[in-house]
Amino acid sequence: MKIFVIVPVYNEENRAVETINKILEVDKNLSIIVIDDGSTDGSLEILNSKFKKNKRVIITGHMINLGKGAAMKTGARIAWKLGAEAVIFIDADGQHDPKYLPEFIKQLEKYPVVFGYRELNKNTPWIRRIGNKFAGWLIKTLFNIKRKDLLCGFLGFRKEVYRQIKWKSCRYGIETEMATKVGRNKIPFSEVKIDTIYIDKYKGVTIFDAFKILGKIPLWYFEK
Amino acid sequence: MNVITLQLVLLAFALLMIYSLFLHWKKKNISDKFFFSWLIIFVVFVFLAMFPKILEPLMKELFIIRVMDLGMIGTFMILTYVTIENNIKIKNLESKMEKMIRKIAIEKIKKDK
């Protein structure tokens with residue numbers, strides 16, 4: 001199966017380079033599509049200078065910041081154009097360890113969708129634990145899908161299900177929206193346990209984003 | 001603040017808005033249609049602010065006692081309409097912009113190849 005790893009990047013100059021290097025080491029057959037989402041810290045220039053000559057790495061960028069969801073969509077479109085049969089998304093900031101990629105690939109052979117999940121433990125902030133539990137219950141009730149981690153961006157899917165799970169969210173909430181679509185369309189899926197690595201306290205999903213995502217869940221229920 | 005003062009405040013506000021519209025129209029930031037439609041709205045606004053008694057038959061029909069209440073109801077309705085319109089337009093713009101930027105990003109790869 002031809003699989004592309006898609007790495008959306010936004011202001012992650014050094015961490016993105018490290019993540020891409022790790023992916024390249026994990027599997028010698030994997031190709032990577034890097035989408036710079038309008039970074040202002042020179043990430044695109046750094047990535048170009050490091051990987052321009054590497055044929056396994058395709059780099060492009062949005063002129064302005066559109067959000068992670070939009071970058072993921074651009075990555076998927078490019079992958080399909082290049083003949084990909086499946087894609088795996090991984091965050092550039094280092095919170096997803098590429099060592100799990102072989103497991104994702106293995107699962108993608110069996111299931112059309114594979115989600116990563118981080119186990120909630122005592123180190124997880126209590127507000128996050130409650131939020132995840134409540135959102136999980138809401139998704140289970142409305143879309144009949146049981147997910148262990150609704151906010152994990154380490155995930156993959158095969159091309160055949162892209163139309164069914166295509167997301168509209170541009171900012172955060174893509175993973176949750178995707179889960180609702182997987183539930184609604186009764187698409188078989190698998191989950192891969194990954195390490196919990198919190199890199200930056202002020203990046204990622206904030207409590208305000210979490211409330212926005214919660215508010216969107218009932219709206220997705222009424223969407224076609 | 002008595003009624004006359006309030007009327008003067010409303011008049012000043014309307015004139016300021018008309019002047020702002022006029023400046024944008026002169027700079028060609030807005031179309032003739034946009035300018036004249038808003039000009040009519042503000043002229044009607046000034047007229048009603050100066051001669052509120054004209055609204056009394058309508059207020060009787062709607063069982064509204066004070067002109068201010070009618071003004072508030074009207075304002076909320078207009079604001080709701082404008083907010084919804086703006087929201088739809090922004091969403092459309094965002095979607096068009098996203099498609100355009102994606103197209104450029106994909107074409108960049110083709111060029112690089």
Side-chain angles (χ1 to χ4, degrees), chain A residues 4 6-10 31-39 43-45 47-49 51-84 87 162 166-171 173-174 212 215-216 219 223, chain B residues 13 16-17 19-35 37-38 41 62 68-113:
Chain A
F4 280 76
I6 297 169
V7 188
V9 177
Y10 180 63
S31 295
I32 306 168
I33 297 171
V34 183
I35 310 292
D36 176 72
D37 190 26
S39 294
S43 293
L44 184 60
E45 291 74 25
L47 289 165
N48 268 327
S49 69
F51 300 105
K52 186 100 186 176
K53 284 176 188 163
N54 193 324
K55 286 193 175 170
R56 287 172 60 200
V57 184
I58 297 152
I59 304 170
T60 190
H62 289 160
M63 289 153 68
I64 53 166
N65 179 253
L66 290 178
K68 189 185 168 190
M72 286 167 70
K73 224 187 266 179
T74 305
R77 290 268 179 87
I78 293 168
W80 309 143
K81 273 183 192 288
L82 295 172
V87 288
Y162 179 59
K166 208 167 127 191
W167 54 97
K168 285 186 181 159
S169 312
C170 271
R171 304 270 162 198
I174 313 116
K212 279 185 207 162
K216 277 183 181 175
L219 297 178
E223 260 181 24
Chain B
F13 167 72
L16 204 71
M17 290 309 292
Y19 180 60
S20 162
L21 277 170
F22 178 74
L23 288 179
H24 283 293
W25 181 55
K26 275 283 162 200
K27 286 179 194 167
K28 297 198 188 304
N29 291 337
I30 53 174
S31 67
D32 293 354
K33 192 181 151 195
F34 187 92
F35 171 69
S37 6
W38 277 100
I41 291 169
L62 299 172
M68 195 68 176
D69 295 339
L70 183 68
M72 291 296 259
I73 293 167
T75 308
F76 273 117
M77 286 165 85
I78 293 167
L79 280 180
T80 308
Y81 168 74
V82 172
T83 308
I84 291 171
E85 276 285 307
N86 279 342
N87 205 291
I88 293 168
K89 279 183 183 161
I90 289 169
K91 291 259 178 239
N92 280 340
L93 264 177
E94 274 180 348
S95 161
K96 281 178 191 166
M97 203 166 71
E98 191 191 325
K99 279 179 191 161
M100 194 181 76
I101 291 169
R102 179 164 299 124
K103 203 177 157 196
I104 295 168
I106 294 171
E107 271 166 12
K108 196 177 156 250
I109 290 180
K110 282 182 194 163
K111 266 187 200 170
D112 289 349
K113 269 186 169 179

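Chain letters run A, B, ... following the sequence lines, proteins first, then strands; residues in each count from 1.
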What is the minimum heavy-atom distance between [X] and [Y], and which atoms define it?
X: A/I6; Y: A/A79; answer: CD1-CB, 4.4 Å
X: A/Y10; Y: A/G38; answer: CE1-O, 3.6 Å
X: A/G75; Y: A/I33; answer: O-CD1, 3.8 Å

Considering heavy atoms only, which positions within residues 73-100 of chain B lie below 4.5 Å of chain A?
->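 Near chain A, by residue number: B/M97, B/E98.
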Looking at residues at least two apart in the chain, or sitting in another chain, which of them share a side chain to side chain contact (heavy atoms under 4.5 Å, CB included) with B/A105?
->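 Here the qualifying residues are A/T60, A/H62, A/T74.
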Measuring heavy-atom distances to chain B, does A/I59 have an atom under 4.5 Å in its side chain, in its backbone, in both, or in neither?
->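 The backbone, not the side chain.
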By number, which residues in residues 66-73 of chain A have some heavy atom less than 4.5 Å away from chain B?
->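 Contacts with chain B: A/L66, A/A70, A/K73.
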Could you tell me which of B/I104, B/I101, B/I106 has the largest number of non-hydrogen atom pairs under 4.5 Å with chain A?
->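 Heavy-atom pair counts peak at B/I101.
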Flag, side chain of A/S43 to backbone of A/S39, donor-acceptor distance under 3.5 Å |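 Not confirmed, A/S43 side chain does not pair with A/S39 backbone.
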Looking at NZ of A/K168 and CG of A/L219, how far apart are the two atoms once the value is rounded to the nearest 0.5 Å?
->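 One gets 11.0 Å once the value is rounded to the nearest 0.5 Å.
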Distance (rounded to the nearest 0.5 Å) between B/L21 CG and B/N29 CG |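 Answer for the CG-CG pair, B/L21 versus B/N29, is 11.0 Å.
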Mind checking what makes ring pair (Phe, Tyr, Trp, His ring centres under 6.0 Å) contact with B/F35, not counting sequence neighbours?
->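 Here the qualifying residues are B/W25.
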A/K212 atom NZ, neighbour heavy-atom count above 12 within 6.0 Å |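 No.
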Can you find a heavy atom in the side chain of B/I30 that is under 4.5 Å from one in the side chain of B/W38?
->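 No. Closest side-chain heavy atoms not under 4.5 Å.
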